[in-house]
Amino acid sequence: MAISHLVPHLPLLRFSLTATKLTPQLHSHRHRFFSIRASMASPPARKVLVPVANGTEPLEAVITIDVLRRAGADVTVASVENHIRVDAAHQIKIVADSLISDCADTVFDLIALPGGMPGATSLRDCAVLENIVKKQAADGRLYAAICASPAVVLGSWGLLKGLKATCYPSFMEQLGSTATAVESRVQIDGQVVTSRGPGTTLEFAVALVEQLYGKEKADEVSGPLLLRSNHGHEYTIAEQNQVKWTFDDGPRILVPIANGTEEMEAVMIIDILRRAKGKVMVASVEDTLEILASRKVKLEADLLLDGAAEQSYDLIVLPGGLGGAEALAKSEKLINLLKKQRESNRPYGAICASPALVLEPHGLLKDKKATAFPALCDKLSDKSEIDNRVVVDGNLITSRGPGTTMEFSLAIVEKLFGRDTAVQLGKTMVFIQD
């Protein structure tokens, strides 16, 4: 499988043509050549607006942005606040591309609203956004919402009348007063797409790709994501050498990030572990708190790794992304932290590119079973468990890619707090169907 989904962009191949005198026949062939070439050119990128606010559910926003950008969409992340940095739910900081006022005169092919409270309320109360979305609906263009936003935002604006829609379970009664409420994980009715919550966001985002670009593109994008086929079912893990993960106060968890980190993996891990009451520290291995992730989402860490390295952790978890994993692997401070973690028999984990590019080269997978992103599994010395979506071996946990991150994160919750807690959290997020 190609690893192009891990790479923000690939270099363009450049060709030079030597000028020469052409006969009329060659002029004709040349004209036909360039006509064919023009007809084969990619269609213009679809323009998409994803508004965000303080209290927006970051997982829903970032997964939607990430997946749409994988499909080639030109996504603008716009803050409805007075500043471009928003304090999303679970203390995750997202830096938008612009303010919503800068988007008032732009025509979008799709507007997609993340949920989260009070984020959805802030979206609803933004007059500029309301005007943009109402014009979108009046012009017959696509609009979408997930979690609380179908009921709180679209329903309040009267944009779901006569339509089937879904939303987060606790808002279904409110939705029923403005739409025909259904319990689908993703519901499409005409130009409107709605979905239920954090655990359905990947399905929602792929559906948006299909609405914009067609099923072939949606399949092309979803393949490398490693989506699971049994949406709504309980997750499973492959575990060897079972040990109990213990902690005194916390647990204290370190999530390092870098330029090129896979943003949806990082945000899902942070979001879910904070929901479970883990004390998560997000540390930048760069010189600045703000990092530019693999799909150009700008995230702000809590502190630099230099400050984080002075503390000890009950768990260290590495997100993937090709560029991000390479940056983590080059951080001497981080590698020393991971080696101390292993020597102290404390848990550590990695997903996607990081098991192969960070843990393996530094001896952190020695005598351990692990998995990684499929195209990188050849770099693992022990390949016996690579087909499993989540692998636990003693104090080590690894996983495969973006579409396995929810399972990976819930498996960590299970190891720290027990299976019942993890399953209940999965149900709360509508990842597991109740």
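Heads up: numbering here begins at 1 and tracks the sequence.
Looking at Lys279 and Asp314, no side-chain N of the basic residue comes within less than 4.0 Å of a carboxylate O on the acidic one, giving no salt bridge. Glu239 has a carboxylate O that lies under 4.0 Å from a charged side-chain N of Lys415, or vice versa, which qualifies the two as a salt bridge. Between Arg419 and Glu414, at least one side-chain N (NZ, or NE/NH1/NH2) sits under 4.0 Å from a carboxylate O, which counts as a salt bridge.
Here the side chains of Gln211 and Ile188 are in contact, with some heavy-atom distance below 4.5 Å. In this structure, Ile94 and Leu299 have side chains that are in contact, with non-hydrogen atoms separated by less than 4.5 Å.
Checking side-chain atoms of Glu265 against main-chain N and O of Thr405 turns up no donor-acceptor pair under 3.5 Å. The backbone N or O of Ile272 lies less than 3.5 Å from no partner atom in the side chain of His90, so there is not a single donor-acceptor pair. A donor-acceptor pair under 3.5 Å is formed between the side chain of Arg389 and the backbone N or O of Gly403.
Taking Ile84 as the reference, Val95, Ala96, Leu99 meet the side chain to side chain contact (heavy atoms under 4.5 Å, CB included) condition, with sequence neighbours excluded. Applying the side chain to side chain donor-acceptor pair (under 3.5 Å) test to Asp387 and every residue at least two apart in sequence or in another chain returns nothing. Partners of Lys161 under the side chain to side chain donor-acceptor pair (under 3.5 Å) rule, at least two apart in sequence or in another chain, do not exist in this structure. A search for side chain to side chain contact (heavy atoms under 4.5 Å, CB included) contacts involving Thr236 returns nothing, not counting sequence neighbours. Residues meeting the side chain to side chain contact (heavy atoms under 4.5 Å, CB included) test with Pro355, sequence neighbours left out: Ala350, Ala372, Thr398. Legend: residues meeting side chain to side chain donor-acceptor pair (under 3.5 Å) with Tyr313, ordered by chain and number and at least two apart, are absent. Evaluation of the side chain to side chain contact (heavy atoms under 4.5 Å, CB included) rule for Asn54 yields Glu81, His83, Val86, Asp87 as partners, not counting sequence neighbours.
Within 6.0 Å of the NZ atom in Lys379, the count of heavy atoms belonging to other residues, nucleotides or ligands does not exceed 12. Sparse packing is recorded around NZ of Lys340, with 12 or fewer heavy atoms of other residues, nucleotides or ligands lying under 6.0 Å away. Within a 6.0 Å sphere centred on CG of Asn230, heavy atoms belonging to other residues, nucleotides or ligands number more than 12.
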Under the side chain to side chain contact (heavy atoms under 4.5 Å, CB included) criterion, do Lys368 and Asn241 qualify, and how do the steps go? CA-CA 10 Å; Lys368 292 286 189 181; Asn241 304 312; 5.9 Å; no
Side chain to side chain contact (heavy atoms under 4.5 Å, CB included) between Leu175 and Leu160, worked out: CA-CA 9 Å; Leu175 180 68; Leu160 296 177; 3.6 Å; yes
Begin from the C-alpha positions of Trp245 and Asn395 and carry the test side chain to side chain contact (heavy atoms under 4.5 Å, CB included) through to its verdict. CA-CA 7 Å; Trp245 292 9; Asn395 285 316; 3.5 Å; yes
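Applying the side chain to side chain donor-acceptor pair (under 3.5 Å) definition to pairs two or more places apart or across chains, those involving residues 127-139 are Glu130-Lys134, Lys135-Asp139, Gln136-Arg141, Asp139-Arg141. Pairs engaging residues 420-434 under the salt bridge (Lys or Arg N to Asp or Glu O under 4.0 Å) rule: Lys427-Asp434 [sequence neighbours left out]. Under the salt bridge (Lys or Arg N to Asp or Glu O under 4.0 Å) criterion, the residue pairs touching residues 193-207 are Arg185-Glu203, with sequence neighbours excluded. Pairs of residues two or more places apart, or lying in two chains, that qualify as salt bridge (Lys or Arg N to Asp or Glu O under 4.0 Å) and include a residue from residues 220-230 are Lys217-Glu220. Sorted by first then second residue, the salt bridge (Lys or Arg N to Asp or Glu O under 4.0 Å) pairs that include residues 99-112, not counting sequence neighbours, number zero.
Pairing each heavy atom of Pro51 with each of Leu49, the nearest pair is CD-O, 3.7 Å. Contact between Asn259 and Ala327 at its shortest, heavy atoms only, is O-CB, 4.5 Å.
Side-chain atoms of Thr166 and Glu183 form no donor-acceptor pair, as typed in the model, at a separation below 3.5 Å. A donor-acceptor contact closer than 3.5 angstrom links the side chains of Thr200 and Ser195. Counting only N and O atoms by type, the side chains of Tyr348 and Arg342 include a donor and acceptor under 3.5 Å apart.
Here the CG atom belonging to Leu425 is positioned 9.0 Å from the CE atom belonging to Met406, to the nearest 0.5 angstrom. Atoms CD and CD1, on Glu234 and Ile432 in that order, are 5.0 Å from each other to the nearest 0.5 Å. Here the CG-CG distance, from Leu334 to Leu318, works out to 6.0 Å after rounding to the nearest 0.5 Å.
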